[in-house]
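The figures here come from the full heavy-atom set of this structure, side chains too, leaving out hydrogens, waters and symmetry mates.
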Amino acid sequence: MPINRPYRGPDELPALIPLFPLDGALLLPRCQLPLNIFEPRYLAMVDDALKGERLIGMVQPDPDANTRSVPSLAAVGCVGRITELAESGDGRYLMNLTGIARFRIVRELGALAAYRQAQVDYAFTDDFTPNTGADAVDRKGLLRTFADYLKAKSLDADWDSVNQAPNEALVNGLSMMAPFGPREKQALLEAPDLKTRADILVAVTEMALARTTDEGEGPLQ
């Protein structure tokens, strides 16, 4: 039976993992990604994962290689553990995947199963230590940009929860929720540290705000 425990380093994770390619999906360490699994090959993937350590690697198809029948994959993804699972009653799984650490694909294996698998390298060792680099984040700048975006889109937020969130949870949570495209999501995933991820998030949000103004949806201030 798999043990419910934290992973303290790359040596505690398997080098061979199943891959779930999903365009626009972003999973980051210690964050949760809800998934609705319904394709037969991915139902088989989940069944197999449940027999082991319940690990699945989330990865995006390469946005620059979309003409192949079997799309190429981005080089970097994030492995997560199935931490919640429910059967829908109509043949689907509803589950939450909790991020553990990012990986680089070393090589993809042949058709050993109905789903894709790869040998991976957990090169981002800081992912195993919570809050690494959190003090370097420009929290005020991030929240200011977030507030401007919400105002421009006539949206609101649970500001009590936002203000109480530690920097890592704030940056990673906003990165996962941000309504940006695959390239922006991949840039956020591959950021070398938390400060850089926050800076990228601010930059792409400000570009989105500038486009909103240029398209005549009214001033931001």
Side-chain angles (χ1 to χ4, degrees), residues 17 19-35 56-68 71-80 97-106 108 116 118 120-150 152-153 155 162 165-215:
I17 59 172
L19 299 177
F20 186 14
L22 188 59
D23 195 47
L26 175 60
L27 177 64
L28 291 167
R30 288 166 290 282
C31 292
Q32 289 196 338
L33 179 66
L35 294 169
I56 293 173
M58 295 299 303
V59 63
Q60 289 201 107
D62 186 342
D64 297 316
N66 56 8
T67 59
R68 298 173 54 185
S72 299
L73 300 176
V76 176
C78 183
V79 68
L97 207 61
T98 300
I100 298 171
R102 290 171 293 168
F103 60 80
R104 292 188 184 276
I105 295 177
V106 176
E108 194 170 346
R116 300 170 77 166
V120 300
D121 175 20
Y122 303 99
F124 302 87
T125 54
D126 284 347
D127 287 356
F128 294 93
T129 305
N131 301 311
T132 299
D135 292 342
V137 171
D138 179 7
R139 184 184 179 95
K140 289 183 179 179
L142 177 60
L143 289 177
R144 181 171 57 250
T145 303
F146 179 51
D148 288 344
Y149 183 84
L150 292 178
K153 298 296 183 180
L155 300 172
V162 170
N167 282 355
E168 182 187 69
L170 179 66
V171 173
N172 288 349
L174 291 178
S175 295
M176 287 182 61
M177 292 186 295
F180 299 130
R183 289 179 178 81
E184 291 83 0
K185 291 283 189 176
Q186 194 66 27
L188 290 166
L189 175 67
E190 296 186 18
D193 52 58
L194 198 65
K195 179 184 183 304
T196 304
R197 181 172 298 130
D199 292 344
I200 293 171
L201 183 58
V202 168
V204 295
T205 303
E206 287 178 343
M207 287 189 287
L209 287 168
R211 286 195 298 270
T212 298
T213 303
D214 292 342
E215 289 167 3

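- In this structure, the side chain of Asp121 does not engage the main chain of Val106 through any donor-acceptor pair within 3.5 Å.
- From Thr205, atom OG1 reaches atom CD1 of Ile200 across 11.0 Å, with rounding to the nearest 0.5 Å.
- The closest side-chain heavy-atom distance from Val202 to Asp138 is not below 4.5 Å.
- Residues Ala74 and Ile105 come closest through the heavy atom pair O-CD1, 3.6 Å.
- Of all non-hydrogen atoms in Pro192 and Arg102, the two that sit nearest each other are O-NH2, 4.2 Å.
- Between Val137 and Ala198, the closest heavy-atom pair is CG1-CB, 3.9 Å.
- In this structure, Tyr122 has no ring pair (Phe, Tyr, Trp, His ring centres under 6.0 Å) partners at least two apart in sequence or on a different chain.
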Next item on the list: Go through the steps for Ile100 and Asp127 under the test side chain to side chain contact (heavy atoms under 4.5 Å, CB included), then give the verdict.
Entry: CA-CA 7 Å; Ile100 298 171; Asp127 287 356; over 6 Å; no
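- You'll find the side chain of Leu35 reaches within 4.5 Å of the side chain of Phe20, heavy atoms only.
- Looking at residues two or more places apart in sequence or on another chain, you find a salt bridge (Lys or Arg N to Asp or Glu O under 4.0 Å) between Arg30 and Glu168.
- Put simply, the side chain of Val120 does not reach to within 4.5 Å of the side chain of Val79, judged on heavy atoms.
- The side-chain heavy atoms of Leu170 and Leu143, taken from C-beta on, include a pair separated by under 4.5 Å.
- Within the structure, side chain to side chain donor-acceptor pair (under 3.5 Å) pairs that include any residue of residues 185-198 comprise Gln60-Gln186, Asn172-Arg197, Gln186-Glu190, Asp193-Thr196, Lys195-Asp199 (at least two apart or interchain).
- Put simply, CG on Leu33 and CG on Leu22 are 7.5 Å apart, with the number rounded to the nearest 0.5 Å.
- Separation of atoms CE (Met207) and CZ (Phe180) is listed at 8.0 Å; rounding is to 0.5 Å.
- For Asn167 (side chain) and Ala134 (main-chain N/O), a donor-acceptor pair under 3.5 Å exists by modelled atom type.
- Here Glu108 pairs with Arg116 under the side-chain hydrogen bond (donor to acceptor under 3.5 Å, both in side chains) rule; sequence neighbours left out.
- Here the CG atom belonging to Leu194 is positioned 10.5 Å from the CG atom belonging to Asp126, to the nearest 0.5 angstrom.
- In this structure, CG in Leu201 is found 10.5 Å from OH in Tyr149, a value given to the nearest 0.5 Å.
- Here Arg104 pairs with nothing under the side-chain hydrogen bond (donor to acceptor under 3.5 Å, both in side chains) rule; sequence neighbours left out.
- Residues passing the ring pair (Phe, Tyr, Trp, His ring centres under 6.0 Å) test with Phe103: none are found, sequence neighbours excluded.
- Of the inter-residue distances, the one linking Leu27 atom CG with Cys78 atom SG reads 4.0 Å to the nearest 0.5 angstrom.
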